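From a predicted model like this one, the values you see are computed outputs, not experimental measurements.
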Amino acid sequence: AYDCRRYRGMHKRVFNNMNIKEKIGVKVKILRLEKDITIEYLANISDVDRNYISDIEKGKRNVSVEILEKIVVALETDLATFFNDKKFKR
């Protein structure tokens with residue numbers, strides 16, 4: 001299994017230097033790894049293409065709120081909780 005502690009303990013300065021797409025991607029990846037699920041399984045339960053999820057995690061996609069909500073709900077949380085993270089604050 002992949003060790004998600006690498007991302008969870010990410011230094012604030014590193015995270016602050018990321019753009020919003022990268023921050024969202026890292027957060028999605030952290031939640032997915034904490035649930036110990038694959039991108040393919042997340043794609044199945046969220047009804048979002050696995051390549052699209054992979055690109056989101058890499059910070060390569062401008063994800064819509066609707067798609068992000070599908071992913072976040074599949075990860076058993078909600079958008080308010082997802083963004084209620086001090087890493088998203090400047």
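Tracing side-chain contacts under 4.5 Å through hydrophobic residues (I, L, V, M, F, W, Y), one reaches Ile67 starting from Ile20; they form part of the same cluster.
The shortest distance between side-chain heavy atoms of Leu31 and Val72 does not fall below 4.5 Å. Proximity of Leu68 to Val28: side-chain heavy atoms (C-beta onward) are separated by under 4.5 Å at one or more points.
Atoms CG and CG, from Leu42 and Leu75 in turn, are 5.0 Å apart once rounded to the nearest 0.5 Å. Atom NZ in Lys70 sits 8.5 Å away from atom OG in Ser64 (nearest 0.5 Å). If you take NZ on Lys29 and CD1 on Ile24, they are separated by 16.0 Å, rounding to the nearest 0.5 Å. Atom NZ of Lys60 is separated from atom CD of Glu22 by 11.0 Å, given to the nearest 0.5 angstrom. Within the model, atoms OH of Tyr41 and CZ of Arg32 stand 13.0 Å from one another, a figure rounded to the nearest 0.5 Å. Between the CZ atom in Phe82 and the CD1 atom in Ile71 there is a gap of 8.5 Å [rounded to 0.5 Å].
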Stepwise side chain to side chain contact (heavy atoms under 4.5 Å, CB included) check, Asn62 with Lys21: CA-CA 6 Å; Asn62 259 332; Lys21 293 186 297 186; 3.2 Å; yes
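In terms of heavy-atom proximity, Ile45 sits nearest to Ala74 at CD1-O, 3.5 Å. Summarising the geometry of Thr81 relative to Asp78, their closest heavy-atom pair is N-OD1, 2.7 Å, with the distance given to 0.1 Å.
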Just distance, no hydrogens or angles: give the donor-acceptor pairs under 3.5 Å from side chains in residues 47-54, sequence neighbours left out.
unit_1: Asp49; atom_1: OD2; unit_2: Asn51; atom_2: N; d: 2.9
unit_1: Asp49; atom_1: OD2; unit_2: Tyr52; atom_2: N; d: 3.3

